[in-house]
Amino acid sequence: MARYWLMKSEPSKYGWDDLVAEGEGVWDGVRNHRAKNNLAAMEVGDQCFFYHSREGLEIVGICEVSVAGITDPTDPEGKWAAVKVKPVRKLEQPVTLKQVKADPRLTEMELVKLSRLSVAEVRPEEWDIVLELAGER
DNA sequence: GCCAACGTTGGC
DNA sequence: GCCAACGTTGGC
C-alpha cells in the first residue's frame, strides 16, 4: 500500500521543471531527523507532492519514489537518508499554501503544523482533499 | 528583508 | 544535563 508524502524544494535551487528535465532526481541534503525518518520510511511507488517553498508557495506536481532507502550521497558520514524520485504529472491547478491553510480539513497537515519540515507525511484523506483543490476530483 | 520557529552547539 | 546563544529555514 503506497503512502503519501510532501517534499519541499526552493524552485531557485531545484524546482519541478528541473526534476522533469532530468527525468529522475535524488532527494538529498536533508539534515533534519524527522524529515530523515520520513525519507527512511518511503518505499518504491509511494506518491509525493512536490511543493515550491520560498517562491511560489504551492504544490505543483506529483512525483513517485523510484528508488528507496539509499544513503545521502552528499553526506560524507553516510548517516543521512535519501531517495530517488521521478515526476508523475503536474497538478491540473497548483494548490497554494493559502488554500491549504484556508481549508478546515487540512489544519492537521504536517505542512501546516511543522512548516519547517522539508519532507512531510500526507494522510490519504489529505491527499484526496489536495487533489480536489487542484480541480481533479 | 524581517522575524518566528526550530535545531544545534557549547559553556557551565 | 540544562539552557543561552547562534544559525538556518521558510512564511510573510
Side-chain angles (χ1 to χ4, degrees):
Chain A
M1 183 54 200
R3 296 170 75 186
Y4 300 110
W5 310 94
L6 181 142
M7 321 181 88
K8 290 185 184 178
S9 186
E10 297 184 33
S12 60
K13 289 184 185 162
Y14 192 89
W16 171 259
D17 291 338
D18 296 309
L19 180 63
V20 171
E22 286 184 21
E24 185 176 50
V26 182
W27 211 274
D28 57 19
V30 170
R31 293 295 182 272
N32 170 286
H33 289 285
R34 183 146 185 177
K36 185 220 144 178
N37 288 342
N38 285 339
L39 280 175
M42 289 186 189
E43 291 177 10
V44 173
D46 283 2
Q47 306 284 111
C48 314
F49 284 132
F50 193 112
Y51 174 82
H52 280 167
S53 62
R54 307 272 300 171
E55 299 160 55
L57 307 184
E58 57 193 14
I59 300 167
V60 289
I62 296 174
C63 52
E64 181 179 310
V65 177
S66 52
V67 183
I70 56 181
T71 49
D72 189 334
T74 67
D75 171 24
E77 309 216 13
K79 284 189 299 191
W80 295 96
V83 295
K84 282 191 186 179
V85 295
K86 58 184 183 190
V88 175
R89 63 187 165 85
K90 249 188 158 164
L91 290 181
E92 199 106 341
Q93 306 157 21
V95 176
T96 64
L97 182 65
K98 233 179 219 174
Q99 284 176 275
V100 171
K101 285 190 166 172
D103 195 307
R105 297 168 298 174
L106 296 176
T107 52
E108 292 299 311
M109 271 188 88
E110 279 193 348
L111 172 67
V112 177
K113 293 215 125 179
L114 302 167
S115 65
R116 291 187 52 219
L117 190 65
S118 56
V119 182
E121 188 173 5
V122 179
R123 286 177 267 267
E125 59 270 27
E126 293 165 348
W127 181 271
D128 287 339
I129 294 164
V130 172
L131 289 182
E132 183 189 305
L133 293 176
E136 303 197 359
R137 289 285 153 99

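Order of the sequence lines sets the chain letters (A, B, ...), proteins ahead of strands, with each chain counted from 1.
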Nearest-Å distance for atom pair CZ/C1', residues A:Arg116 and B:dT8: 11 Å

Distance, rounded to the nearest Å, where A:Glu10 contributes CD and C:dT9 contributes P: 8 Å

Phosphate contact (C:dC12 OP1 or OP2) by A:Lys101 side-chain N/O below 4.0 Å: yes

Aromatic plane relationship, A:Phe49 with A:Trp127 - under 30° parallel, 30 to 60° tilted, over 60° perpendicular: parallel

Rounded distance (Å) that lies between atom P of B:dG1 and atom CD of A:Glu55: 13 Å

Sugar-phosphate, base or nothing in reach of A:Leu97, heavy atoms under 4.0 Å: sugar-phosphate

Non-hydrogen side-chain atoms of A:Glu126 and A:Val100 separated by less than 4.5 Å: no

d(CG, A:Leu117; P, B:dG7) in whole Å: 9 Å

Min side-chain heavy-atom separation A:Leu39-A:Met7 under 4.5 Å: yes

Criterion side chain to side chain contact (heavy atoms under 4.5 Å, CB included) against A:Glu110, the qualifying member of A:Leu6, A:Val119, A:Asn38: A:Asn38

Residue pair A:Asp72, A:Lys36: steps toward the salt bridge (Lys or Arg N to Asp or Glu O under 4.0 Å) verdict: CA-CA 10 Å; A:Asp72 189 334; A:Lys36 185 220 144 178; over 6 Å; no

Sub-4.0 Å heavy-atom contacts from residues 102-111 of chain A onto DNA chain B, ordered by number: none

Side chains of A:Gln99 and A:Gln93 in contact at under 4.5 Å (non-hydrogen atoms): no

Note, A:Leu131 side chain near A:Leu91 side chain (heavy atom, < 4.5 Å): yes

Rounded distance (Å) that lies between atom P of C:dG11 and atom NE2 of A:His52: 12 Å

DNA chain B contacts among residues 25-37 of chain A, heavy-atom distance under 4.0 Å: A:Asn32, A:His33

Side chain proximity check, A:Thr107 to A:Val112, heavy atoms < 4.5 angstrom: no

